[in-house]
Trainee: 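Submitted below is the structure of interest, expressed as structure tokens.
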Amino acid sequence: MSTGTSSEHSEHVFDTTDVFQDTAASFDTVAKAEASPDVKQPFRELGMTEDEYLRVREILGRRPSSSELAMYSVMWSEHCSYKSSKVHLRQFGEKAPKTAALLVGPGENAGVVDVGEGLAVTFKVESHNHPSYVEPYQGAATGVGGIVRDILTMGARPIGVMDPLRFGPADAPDTARVLPGVVAGVGGYGNCLGVPNIGGEIVFDPCYLGNPLVNALCVGVMRADEIKLAKAPGPGNQVILFGARTGGDGIGGASVLASATFDEDGPAKRPSVQVGDPFMEKVLIECCLEIFAADLVVGIQDLGAAGLTCSTTELAAAGTGGMDVRLDLAPLRDSTLTPEEVLMSESQERMMAVVEPAKVEAFLAVCEKWDVTATALGEVTDSGRLRMWWHGELIVDVPPRTLAHEGPVYNRPFARPQWQDALQADAPTPERLTRPANAEQLRATLLRLVGSPNLADKSWALEQYDHRVQGNTVLGHGEDSGLVRLDAARPGTSLGVALATDGNGRFAKLDPYSGAQLALAEAYRNVAATGAKPLAVTDCLNFGSPEDPDVMWQFAEACRGLADACLELGTPVTGGNVSFYNQTGETNIHPTPVVGVLGVIDDVDRRTRSAFEREGEILLLLGDTRDEFGGSEWAHEVHSHLGGLPPRVDLAREKVLGEVLIAGSRDGMLSAAHDLSDGGLAQAVVESCLRGGHGARLVLPETDAEGAPLDPFVALFSESAGRAVVAVPRSEELRFTDMCVARGLPVARVGVVDGTALEVQGQFTVPLDELRAAHTAPFRKLFGHSVVDA
Amino acid sequence: MPARIGVVTFPGTLDDQQALRAAAAVGAEPVKLWHRDKNLHQVDAVVLPGGFSYGDYLRAGAIARFSPVMDPIIDAARDGLPVLGICNGFQVLCEAHLLEGAMIRNGDLHFINRDVKLRIENNRTVWTSDYEAGAEAVIPIKNMDGRFVADERTLDALEAEGRVLARYTANPNGAARDIAGISNAAGNVVGLMPHPEYAIDDLTGPYPGPGTDGLPFFTSILKSLVSA
Amino acid sequence: MARVLVDVMLKPEILDPQGQAVQRALPRMGFDSVTNVRQGKRFELELEDADPATLKATAAAMAEKLLANTVIEDFEVTVLTAGGAPADTAENA
Amino acid sequence: MARVLVDVMLKPEILDPQGQAVQRALPRMGFDSVTNVRQGKRFELELEDADPATLKATAAAMAEKLLANTVIEDFEVTVLTAGGAPADTAENA
Ligand SMILES: Nc1ncnc2c1ncn2[C@@H]1O[C@H](COP(=O)(O)OP(=O)(O)O)[C@@H](O)[C@H]1O
Ligand SMILES: [Mg+2]
């Protein structure tokens, strides 16, 4: 994640250099470091512990130069080194299901999966939470820019973005400041790039008021034989920096950010805001793809967090092992930058390539064609050292692996919070929370929920996103998952990929282990509902402070739950991102693991939509319904209650449900399918009715899985997992139900597509117009006045 | 030999590939034109596609208008070469004064991506001859600065000369007199804010359909070129 | 090194959605004295050529050709001395 | 009726993609003397409240709250007399 730091920190960097004002160069050098071992260095201000600093001295056998100190501090920061999360993330590799589809696993800029026809798809979700709180538009915009560069770096053309978002209460004044800016920023950057926005989430909860979550996912496609990696092999190969000039943006951001927390009056350490230049990035995309097509690079890395520090160390560490760089050759936007600042700058829209000498000319020619500034900074060596010069003086001489791969690893203490038992004991029983008792109250509850901020129609936001550009968006906003045809890499193909993201923080708060599994299960279900076969997973783990044992326990549990579930569902985690310190003052956010699932569909013409499109078609409910309201939308919206246990997880059931939905789509049995999640059966049916412009007559199931009587309230609003509602032509009903029965998937006829109203038989009727008004009004009412003019 | 339809790519152009796809879909030969080209490679018609040329910084289309390729296009357009400017392309044509008026920020200041219904008011141009007069078409808009403005005199003239090509049936952005597209006096130069090239098949076109209401723009030009 | 300001505003007869949005928003924030808002652009140019006479003409030409769309916009050129105090003004309206 | 100008510019250290695009375009059009371009916004406000003293404060408050994003932008308030000649100036930088 790229962001800034307080001036305080850059000043401290100046301090160290000022120590040397008397000597020849006004900046610190390796020679000076050897000559003056006892100079006090501001490692603490740079977010380093004493032990970490001493370890650097031990590695180097001397004190670091201030440039080296800057590099270690940022590379060993939580954000770059994953020092607190590493021990838990390992499970994703250790428990990973064996699948031939995985071409590149965690560790690279993004994972890559084989989707057939010689094509490979790469995707990843990342967070840009803190910058988006400080400056919503630019924070969100640069978040999109960063993840798109990660995907581009793998050699792929970006073909879709998604934006899972979390905000405080919808009616809170600060949400009115943050949300319109974030939405405009996601759109402003993505639209200008020409990458379609194919999905995301907008969820409100008080726990995000001082710390919104802005996650961004990007997916790209390439030929499987064209994967690019971040490595710098081959002594003599040139190291070329290209794209935007380097400015003072986000200096020391990554490391300072990792220790930044917010209180009521804003961020304790306010980052210097970075402004993105989406036009520059668009040109960079076309320039890179042309360079890849002509096979002009042996390695490439984008400049994100820790900028030049990260790109040079990671390229060198993964290559022959050495690199010589003339740092003062980097084109600067601000000529007053010190070498330390140039190393830590997180200016956007920059890339670094490793190019064979014979191909440099061709490389530069492509850059010239696209008006992209490109500068050779140095070359690959086999010295095993990363060395940098500034105006002739050696300022950096380090073993790159010690920065990139041998950072500190912490086994932070964690323990199940004392309050966890009480929270789980506080179940939403009928005694605890009053439930609607009659038809009138059920009807009112339905209208209240479809108009609640979390369940209301989000078109006000989604219309600000271009979901059509590139012409391959088969399913976009309002569907269970986004679905894009892979035409960009193989013109004329019918192959497509589907993507969905989910992550219910309330469920994870009640039980982080199953909460993470439910996030995966829902995204998996959303993908299968469109007819695509789930293949692989990316995740963005948004948590509070890792120094808090409660949070660390939530994190450990969520990782364990996600890894176990990925194994059982056969979908490996290919990459992701961890965001800690999401808290306001001392209050941590709900643990929020956002999970993205990627699926593949051989023939995009076979995709299933969520809309009820044809009168008279049969509605079937798949799966079991139980009295499960812990963490439900109903408990949240109507009673502001959070307690009990989340819905039961049954991954075997999710798998069967997925198989049935995929087979139904492939064999043309399904006219529509919609997963049941937030708001239960009622919400799903309302969404499918409004989308298709047809009403429905519902006959609610009268018994639950165990054959116990099921009251209408539970049937309508329970959030039991592993369920979906489908519409089938009468001619297909028998074939489809037989298939369900054969596979042991509970199936119940719950009604028929009919008329211009939603009628719940024996209970109530609501005209579609009334439903539509209740569903679509809230967002415009809440945010329609906002003035975001970037 | 099929008619050659050239599609210009400026830095920041986004919809060039889709315009090429639409040209191919109706059987024309799609030809890529680069903003630095000094000649038009014998194309029979030109599409200036949508996107954010030069980021739409300064004003939409303002910088692209000065690209080398615009000189031959402006000359040829004055001599009757069929030119269709879509979205950003429309903005470029206005900046180049091949069409009157200008585009400003949408009424609510937001980017709007929506399928809108158009009424085709002028089917006497080479780009719209395949539409019935007064036909309605569902075509997506996706723009930030899509609001057409001009002084009253110009607007009256456009109306009087029947040069209002298409109107929104429900004005999405406050465009003057619901104008979605106009043509020059000769009818060979046409500017349109909505994107017909994104309404050429039911799989990716507007939902719920029809998904192909944009095709006539491309069949029209093809016919007029073949018969010419 | 010379500094020049070019201010570009929409012509009065052209409506201004950005200005209007601001005008609608201000009263909601308690600023009800505002009766009209117009939003335009300001360009700060630095030029090597320092001769004030040609300077203004050059800047006006830039505005005419690129910085303003004279179909809908008027512009105003202000030459600043190095110190930045207003010197001389040229309008196109 | 009073008239006030609020000029909003990105802080010097903040990247200005718009200004850079203009800066790159001008030489291509033969204006090669330009060494730097920054693009900002100008607001022309008309207010009923005519007392210059409170006027400037009011306008500055509007700028703080809405017209400028003070995280990345500086603003300058200029009170114009009815005639429109510059009167009094307040800066936030
Ligand atoms: N911030 C967003 N950006 C893009 N699409 C979004 C966003 N929020 C919601 N959507 C889309 O709206 C639809 C409904 O969202 P959601 O309720 O999260 O779906 P589901 O209920 O299947 O999880 C989905 O297609 C989703 O991708
Ligand atoms: Mg969901």
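Just so we're on the same page: letters track the sequence lines, and every chain starts at 1.
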Trainee: Looking at A/Arg468, A/Gln470, A/Glu286, A/Met280, which makes the most heavy-atom pairs under 4.5 Å with chain B?
Mentor: A/Arg468
Trainee: Heavy-atom pairs under 4.5 Å with chain A: which of B/Tyr57, B/Tyr207, B/Phe52 has the most?
Mentor: B/Tyr207
Trainee: Roughly how far apart are A/Leu193 CG and B/Leu14 CG, rounded to 0.5 Å?
Mentor: 8.0 Å
Trainee: Got a second to check how far B/His110's NE2 is from A/Tyr465's OH, nearest 0.5 Å?
Mentor: 10.5 Å
Trainee: Roughly how far apart are B/Leu203 CG and A/Thr473 OG1, rounded to 0.5 Å?
Mentor: 10.0 Å
Trainee: So which part of B/Pro49 gets closer than 4.5 Å to some heavy atom of chain A, the side chain, the backbone, both or neither?
Mentor: neither
Trainee: Please find the pair of heavy atoms, one from B/Gly55 and one from A/Cys192, that lie closest to each other, and give the distance.
Mentor: CA-SG, 4.1 Å
Trainee: Of A/Gln464, A/His477, A/His467, which meets side-chain contact (heavy atoms from CB on, under 4.5 Å) against B/Asn113?
Mentor: A/His467
Trainee: For the rings on B/Tyr54 and A/Phe279, is their centre-to-centre separation under 6.0 Å?
Mentor: yes
Trainee: A/Asn472 pairs by side chain to side chain donor-acceptor pair (under 3.5 Å) with which of B/Arg21, B/Gln17, B/Gln18?
Mentor: B/Arg21
Trainee: When heavy-atom pairs shorter than 4.5 Å are enumerated against chain B, which of A/Val469, A/Val195, A/Val183 gives the highest number?
Mentor: A/Val469
Trainee: Could you look at A/Glu613 and say if it's the side chain, the backbone, both or neither that has a heavy atom under 4.5 Å from chain B?
Mentor: side chain
Trainee: Might you point out which heavy atoms bring B/Arg36 and A/Asp371 nearest each other, and give the distance in Å?
Mentor: NH2-OD1, 3.1 Å
Trainee: Can you tell which part of B/Asp115 gets under 4.5 Å to a heavy atom of chain A, answering side chain, backbone, both or neither?
Mentor: side chain
Trainee: I'd like to know whether A/Arg780 forms a salt bridge (Lys or Arg N to Asp or Glu O under 4.0 Å) with B/Asp108, so could you lay out the CA-CA distance, the side-chain angles of the two residues, the decisive distance to 0.1 Å, and finally the verdict.
Mentor: CA-CA 11 Å; A/Arg780 271 169 229 293; B/Asp108 63 1; 6.0 Å; no
Trainee: Under 4.5 Å heavy-atom distance to chain A, tell me which part of B/Pro11 shows up: side chain, backbone, both or neither.
Mentor: both
Trainee: To the nearest 0.5 Å, what is the distance between CH2 on B/Trp34 and NZ on A/Lys369?
Mentor: 5.0 Å
Trainee: Can you say whether B/Asp15 sits under 4.5 Å from chain A via the side chain, the backbone, both, or neither, judging by heavy atoms?
Mentor: side chain
Trainee: If you measure from CG on A/Asp487 to OG1 on B/Thr204, what distance do you get to the nearest 0.5 Å?
Mentor: 9.5 Å
Trainee: Can you tell which part of A/Val604 gets under 4.5 Å to a heavy atom of chain B, answering side chain, backbone, both or neither?
Mentor: both
Trainee: With respect to chain A, which residue among B/Pro208, B/Gly205, B/Ser53 yields the maximal number of heavy-atom pairs within a distance under 4.5 Å?
Mentor: B/Gly205
